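As the structure is a computational prediction, the values presented were derived from the model and not from experiment.
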Amino acid sequence: MLKNFTSAIKAMPKRLAVLTAAGVMVAIPIANVSAWGDNGGGRPSYTINQINNGILGNTITFNSISNNPNIGDEKSFVGIREKTGVNAGLGNTWYNSMQVQAGKTYLVSMYVHNNSPKGLDAIARDVVATFNVPTTVGRSIEVNGFIDSSNANPSRYWDNAFFTSSQDFYLSYVNGSALFENNGIGANGGVRLSDNIVTNSGVRLGYNSLNGDMPGCFEYAGYVTIEVKPTFVTTDTNLGFLVEKTVRKDGDKEWVESVNANVGDIVNYQIHYRNLGTVNSTNVMVKDILPKNMDYIAGTTVLYNTNNPNGLKISDNITTVGVNIGGYNPNGDAYVRFSAKVVDRDLACGANSLTNWGQIGINGGNNTKQDSAVVNVSKTCTTTPPKLPETGPASVVGAVIGAGSLITAGTYYILSRKKLS
């Protein structure tokens, strides 16, 4: 059992006071605007001294310390910043709100801390992290971060941050970018997490394995980061168009927004484009972004339109640089279909939601939209995860690095990941 948080903080390695590859760093405090929440109706705040004096008793709770020396108030646990490639320095502050720019990539970070000082005697179970990255178009887009634990009180925690612009845009999650850093499994550059991080199922965290177990105290805390990119769209109604993404299992006839499949199954994807504007569209580019556990099947991309009612086989570039399907008059439309196979590269145990994005840009890419479809895959695991290390007060190595001031504002809500408006 850890005697108190203070000893863990003092033991923090000095080398951890700089940014890691994921961009987390010791805090530079800035003004705090509270927008946190939980399913307990609003948890209390505690100081480190109160925690050390046993105010929690045997209760396990997350992100409730008001004077964390790394991030300040832990209730503000989601922050954003530009991905610059610079991994140290005072310029890498985390913010609650940031104005996006074309061509840039941004990091979203979440701090996860079981506040109990009892270490391995107070393990939070089934700890899951989730980010909600909405795909709606707007000039202010809220990204939400969630922490869940089956034996914590409260059992769900949330916080948010905002991306803004003077022009309409939407955000896209960068596949494969989710990273978890802590003093255990994520100690040396972090461990990659499943893309389920941006689906309803989320991803399990942990200390020495991703088994959902997180002991209490600073040394077992961690940081989850993802990358997002903005895409700007025009509001010119003359150039309006529809993008609709659907999916079906190979052999089925009905196109739907989501299907259930198993590893080894083949699914068909369809991207529907329609010109809703009053002028002709030119150079309509169609691209598809497959999740990590879906493999494109070469030679399956087919274009259907007025000139090709029976289908025309086109380039396999649909999942790389995209394909040009020509120009379309007002009310003209086209369908692009292709097939992919479900594989298991890093499927999580249990439910997996494989989200697939279809993107369309017209007139040189100056006007773009996207839509998504989901393949749900369940994985049964029979292996037993490794046990947590048996450590005590003498082996405390210190707190994990601070993620900076993760300041939030606004109100909590869950947005659909489905449609662009």
Side-chain angles (χ1 to χ4, degrees), residues 23 33 35 78-85 91-109 131-145 160-175 177 198 226-245 271-289 321-322 324 327-328 330 355 357-372 407-421:
V33 181
V78 173
I80 54 180
R81 73 168 178 86
E82 180 185 342
K83 182 184 178 183
T84 62
N92 286 331
T93 307
W94 295 89
Y95 299 93
N96 162 245
S97 180
M98 177 165 287
Q99 189 169 35
V100 295
Q101 299 180 43
K104 292 189 175 182
T105 301
Y106 297 88
L107 294 170
V108 185
S109 178
F131 279 110
N132 181 56
V133 183
T135 58
T136 50
V137 170
R139 299 189 178 187
S140 178
I141 295 178
E142 176 184 5
V143 176
N144 296 272
N160 56 10
F162 293 86
F163 292 92
T164 64
S165 175
S166 59
Q167 179 183 349
D168 284 344
F169 72 101
Y170 62 85
L171 290 174
S172 297
Y173 164 72
V174 178
N175 288 334
S177 67
V198 290
I226 62 171
E227 298 177 14
V228 296
K229 291 183 177 180
T231 298
F232 292 88
V233 300
T234 179
T235 57
D236 188 345
T237 56
N238 293 331
L239 300 175
F241 62 94
L242 166 76
V243 178
E244 185 177 33
K245 181 66 181 291
I271 305 172
H272 178 207
Y273 164 81
R274 180 183 290 277
N275 183 352
L276 301 178
T278 59
V279 299
N280 294 345
S281 61
T282 61
N283 295 317
V284 176
M285 292 293 299
V286 181
K287 181 180 178 180
D288 197 274
I289 301 174
V321 296
N324 190 325
Y328 293 82
T355 303
W357 298 94
Q359 300 178 336
I360 291 182
I362 67 172
N363 301 340
N366 292 323
N367 190 9
T368 61
K369 290 185 180 182
Q370 68 176 8
D371 192 23
S372 64
I407 308 305
T408 58
T411 56
Y412 158 70
Y413 58 91
I414 300 177
L415 292 172
S416 167
R417 292 188 51 78
K418 178 58 188 160
K419 290 273 187 180
L420 290 174
S421 58

Checklist line | Sub-4.5 Å side-chain heavy-atom contact between V279 and P330 | finding: no
Item checked: For the student: nearest non-hydrogen atoms of K104 and P230, plus distance -> O-CD, 3.2 Å
Checklist line | V133 and I226, any side-chain heavy atoms less than 4.5 Å apart | finding: yes
Item checked: Under 3.5 Å side-chain donor-acceptor pair for S172 and Q370 -> yes
Notebook entry, point to check: Say you draw a straight line from CE of M98 to OG of S165; how long is it, rounded to the nearest 0.5 Å?
Noted result: 13.0 Å
Check: Roughly how far apart are D371 CG and Q359 CD, rounded to 0.5 Å?
Finding: 11.0 Å
Next item on the list: Could you grab the distance from atom CZ of F162 to atom CD1 of I141, nearest 0.5 Å is fine?
Entry: 11.0 Å
Note to self: For a quick test of reading the model, state the closest non-hydrogen atom pair linking I271 to K287 and the distance between them.
What the structure shows: CD1-O, 4.2 Å
Notebook entry, point to check: Once the angle between the rings of Y106 and F163 is folded into 0 to 90°, is it parallel (under 30°), tilted (30 to 60°) or perpendicular (over 60°)?
Noted result: perpendicular
Margin query: Let me confirm one number: the CD1-OG1 distance from I289 to T355, rounded to the nearest 0.5 Å.
Written below: 11.5 Å
Margin query: So, taking the atom named CD in E82 and the one named CD in Q99, what distance separates them when rounded to the nearest 0.5 Å?
Written below: 12.0 Å
Check: If you look at every heavy atom in T164 and S140, which pair is closest and at what distance?
Finding: CG2-OG, 4.0 Å
Check: Does the pair H272 and R274 meet the rule for a side chain to side chain contact (heavy atoms under 4.5 Å, CB included), with working shown?
Finding: CA-CA 7 Å; H272 178 207; R274 180 183 290 277; 4.3 Å; yes
Notebook entry, point to check: So how far is it from T105 OG1 to K229 NZ, rounded to the nearest 0.5 Å?
Noted result: 4.0 Å
Notebook entry, point to check: Does the pair R81 and T93 meet the rule for a side chain to side chain contact (heavy atoms under 4.5 Å, CB included), with working shown?
Noted result: CA-CA 7 Å; R81 73 168 178 86; T93 307; over 6 Å; no
Next item on the list: Give a yes or no answer on whether the side chain of N275 reaches the backbone of Y328 with a donor-acceptor pair at less than 3.5 Å.
Entry: yes
Next item on the list: Starting from the C-alpha separation in whole Å, work towards a yes-or-no answer on side chain to side chain contact (heavy atoms under 4.5 Å, CB included) for N144 and V78.
Entry: CA-CA 8 Å; N144 296 272; V78 173; over 6 Å; no
Item checked: Trace of the side chain to side chain contact (heavy atoms under 4.5 Å, CB included) decision for V228 with V143 -> CA-CA 10 Å; V228 296; V143 176; 5.7 Å; no
Checklist line | Donor-acceptor under 3.5 Å (R139 side chain, S166 main chain) | finding: yes
Check: How close do V243 and G358 get, heavy atom to heavy atom, and via which atoms?
Finding: CG1-O, 4.0 Å
Next item on the list: Examine the side chains of Y273 and S281 and answer whether a donor and an acceptor come within less than 3.5 Å of each other.
Entry: yes
